[in-house]
2 protein chains.
Amino acid sequence: MGEDENVRQGSNVAEQAPLNRERIVEAALALLDETGLDGLSTRRLAADLGIKSASLYWHFSNKDELLDAMCSALFDECLDIIDTGRQNFNWRKWLAGGTRGIRRTALSRRDGARVMARVRPVGEASARRIEANTAFLQSIGLTYEESTYALLALRRYAVGSALQEQVYAAVGQAATQDESEASFEYGLSLILDGLASRFSPLEFTPPEK
Amino acid sequence: MGEDENVRQGSNVAEQAPLNRERIVEAALALLDETGLDGLSTRRLAADLGIKSASLYWHFSNKDELLDAMCSALFDECLDIIDTGRQNFNWRKWLAGGTRGIRRTALSRRDGARVMARVRPVGEASARRIEANTAFLQSIGLTYEESTYALLALRRYAVGSALQEQVYAAVGQAATQDESEASFEYGLSLILDGLASRFSPLEFTPPEK
DNA sequence: ACCTGAACACCGTTCAAGT
DNA sequence: ACCTGAACACCGTTCAAGT
């Protein structure tokens, strides 16, 4: 069975397939954990991929575009499609979970928050998610604008929190784990309380469709 | 009257005094508006100051320290010492004003939010301000932790908002001015409403001291 | 005390050329 | 279609040396 098929392969089987954006982003995120954002260079990334740095420019038109793709990948990790079918759906828990997810994803890798801070609407997936989420908030009594703004506020708060937590961590002044969690949760509950005061039902049973 | 005193001066009178950190930070902030954070190089900054870039390292041990000083300078711009003497002091307006100040300062210069995102407790001035502010919140009924966390949440929200607004602006996808303001104000009011629900008096008259 | 000259070890990016 | 070689125009930082 064709041993010669393997002759051209490098030692690592995964390396044989031609490079694509996805694999580059993956390697870049791995490198990020090692070097931090300031140490993440295209030359080092290329070396990790067994390639010359000029080659990266066939896949991405510049480093910024690569960083945007990394940002998108991180947001995809905490993509949270709404499960509208459940009974006794609790909007508060749902929003809290989504917001925690953004923060946790950011904190899960070195300088993750700085990468996620580049957030911009790339990709259809995130556009669809945002649309579905605002539609849901409207269905429980918020206006279109309120829905948009509420989701925006939660995302801004999550990214802002992770960002500052990582700054303090980088400088060796990290608060205790408990304190970080507590301060984040406090602010989150403030926002959700404010939201709760704008319409009545804390528990919501969706209409059967 | 000593024309010869002027002989050694450059064309710009302000240039004669020896450089100090303050003047360097000032020049750096001016340069930031021209070049953005990514274009802000120590070499270019030195050139603007009429100096060689190596000289900067006598005043700052590295670029990060300079950026921290720039961040502190921006926070000093929106330093808001509490006026505890006024009658009918409205805590809501006071907190809203402080939060808006952080955002406005960040938005007032190119990449201002990215600089302010490095926030860390340098300087006694900001430490005193935070202490005074938490003390005040305690005096109107919050616990020490609630006070700290509430101020932290507002700052995180303000920086997070400005950061994302400037990202969108940089990419030419700026929302209308009205929309930016409206979305920021909406999230701010959510937080303040949540805070209001935690203790009763919306208006507060401080005790005479 | 404050600044320079000169160097070190890097960057991101381009582009003709290879396969 | 995908990658390389080689170059361009930069970086931040160090350090002996100047005044």
Side-chain angles (χ1 to χ4, degrees), chain A residues 7-29 31-32 34-71 110-111 114-115 118 170-171, chain B residues 7-29 31-32 34-71 110-111 114-115 118 170-171:
Chain A
V7 166
R8 330 203 76 177
Q9 294 178 184
S11 51
N12 190 336
V13 173
E15 277 173 19
Q16 71 174 326
L19 228 40
N20 56 28
R21 290 170 68 108
E22 200 180 359
R23 294 219 0 251
I24 294 174
V25 166
E26 197 182 342
L29 286 171
L31 182 55
L32 181 69
E34 263 184 66
T35 62
L37 186 56
D38 292 331
L40 183 71
S41 78
T42 55
R43 295 171 117 106
R44 171 75 197 275
L45 173 59
D48 281 10
L49 287 163
I51 235 176
K52 300 298 168 186
S53 75
S55 311
L56 288 171
Y57 290 80
W58 197 88
H59 300 277
F60 294 93
S61 67
N62 55 41
K63 192 183 179 183
D64 253 41
E65 203 177 286
L66 169 64
L67 291 171
D68 284 345
M70 292 167 68
C71 173
R110 173 119 93 116
D111 286 336
R114 276 172 75 191
V115 173
R118 331 184 105 243
V171 94
Chain B
V7 166
R8 330 203 77 181
Q9 296 178 183
S11 51
N12 190 336
V13 172
E15 279 174 17
Q16 72 174 324
L19 229 40
N20 54 30
R21 290 170 68 107
E22 201 180 359
R23 294 220 358 253
I24 293 174
V25 167
E26 197 182 342
L29 286 171
L31 182 55
L32 181 67
E34 263 183 67
T35 62
L37 186 55
D38 292 329
L40 183 72
S41 77
T42 54
R43 295 171 117 105
R44 172 74 196 276
L45 173 60
D48 281 9
L49 287 163
I51 237 176
K52 300 298 169 187
S53 76
S55 311
L56 288 171
Y57 290 80
W58 196 88
H59 300 277
F60 294 93
S61 67
N62 55 41
K63 193 184 179 183
D64 252 40
E65 202 177 287
L66 169 63
L67 290 171
D68 284 345
M70 292 168 67
C71 173
R110 173 120 91 118
D111 286 336
R114 276 172 75 191
V115 173
R118 332 184 106 243
V171 95

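Lettering follows sequence order; numbering is per chain, from 1.
- Within the structure, a side-chain polar atom (N or O) of A:S41 is placed less than 4.0 Å from OP1 or OP2 of C:dC11.
- For A:H59, a side-chain nitrogen or oxygen approaches OP1 or OP2 of D:dC3 to under 4.0 Å.
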Problem - B:I51 and B:L45: CA distance, side-chain angles, deciding distance, side chain to side chain contact (heavy atoms under 4.5 Å, CB included) verdict - result: CA-CA 9 Å; B:I51 237 176; B:L45 173 60; over 6 Å; no
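- Look at D:dG5: its Watson-Crick or wobble partner, with both distances under 3.5 angstrom, is C:dC15.
- Relative to the side chain of A:T42, the nucleotides D:dG12, C:dG12, D:dC15 differ in distance, and C:dG12 lies closest.
- Comparing C:dT13, D:dC11, D:dT14 by their nearest atom to the side chain of A:K63 picks out C:dT13.
- Regarding contacts with the backbone of C:dC3, every side-chain N or O of B:K52 stays at 4.0 angstrom or more from both OP1 and OP2.
- Computed from coordinates, the B:R44 CZ to C:dC11 P distance equals 24 Å when rounded to whole Å.
- Between A:D38 atom CG and C:dA9 atom P there is a gap of 21 Å when expressed in whole angstrom units.
- Rounded to whole Å, atom C1' of D:dC2 lies 13 Å from atom CZ of A:R23.
- Among the nucleotides C:dG5, D:dT13, D:dT4, the one closest to the side chain of B:S53 is D:dT13.
- In this structure, CD of B:E65 is placed 15 Å from P of D:dG12, rounded to the nearest angstrom.
- For B:R110 and B:E34, the salt-bridge test fails: no basic side-chain N is under 4.0 Å from an acidic carboxylate O.
- A:L56 comes within 4.0 angstrom of nothing in the nucleic acid, heavy atoms only.
- In this entry the distance linking CG of A:L19 with P of C:dT19 reads 20 Å, nearest Å.
- Between the CG atom of A:L67 and the P atom of C:dC11 there is a distance of 15 Å, rounded to whole Å.
- Taking atom CG of residue B:N20 and atom C1' of nucleotide C:dA1, one finds them 13 Å apart after rounding to whole Å.
- Ion pairing between a basic and an acidic side chain is recognised when a charged N comes within 4.0 Å of a carboxylate O; B:R21 and B:E26 show no such pairing.
- Remark: B:K63 does not engage B:D68 in a salt bridge, criterion side-chain N to carboxylate O under 4.0 Å.
- For B:W58, whose side chain is taken as the heavy atoms from C-beta onward, the closest listed nucleotide among C:dA6, D:dA6, C:dA1 is C:dA1.
- Residue A:I51 has its side chain nearest to D:dC3 when only C:dT13, D:dT13, D:dC3 are considered.
- If you check every strand for non-hydrogen atoms under 4.0 Å, B:L40 touches sugar and phosphate atoms only.
- Here the P atom of nucleotide D:dC10 and the CZ atom of B:R43 are 10 Å apart, to the nearest Å.
- Within the structure, a side-chain polar atom (N or O) of B:S55 is placed less than 4.0 Å from OP1 or OP2 of C:dT4.
- Between the side chain of B:N62 and the main chain of B:E65, a donor-acceptor pair closer than 3.5 Å is present.
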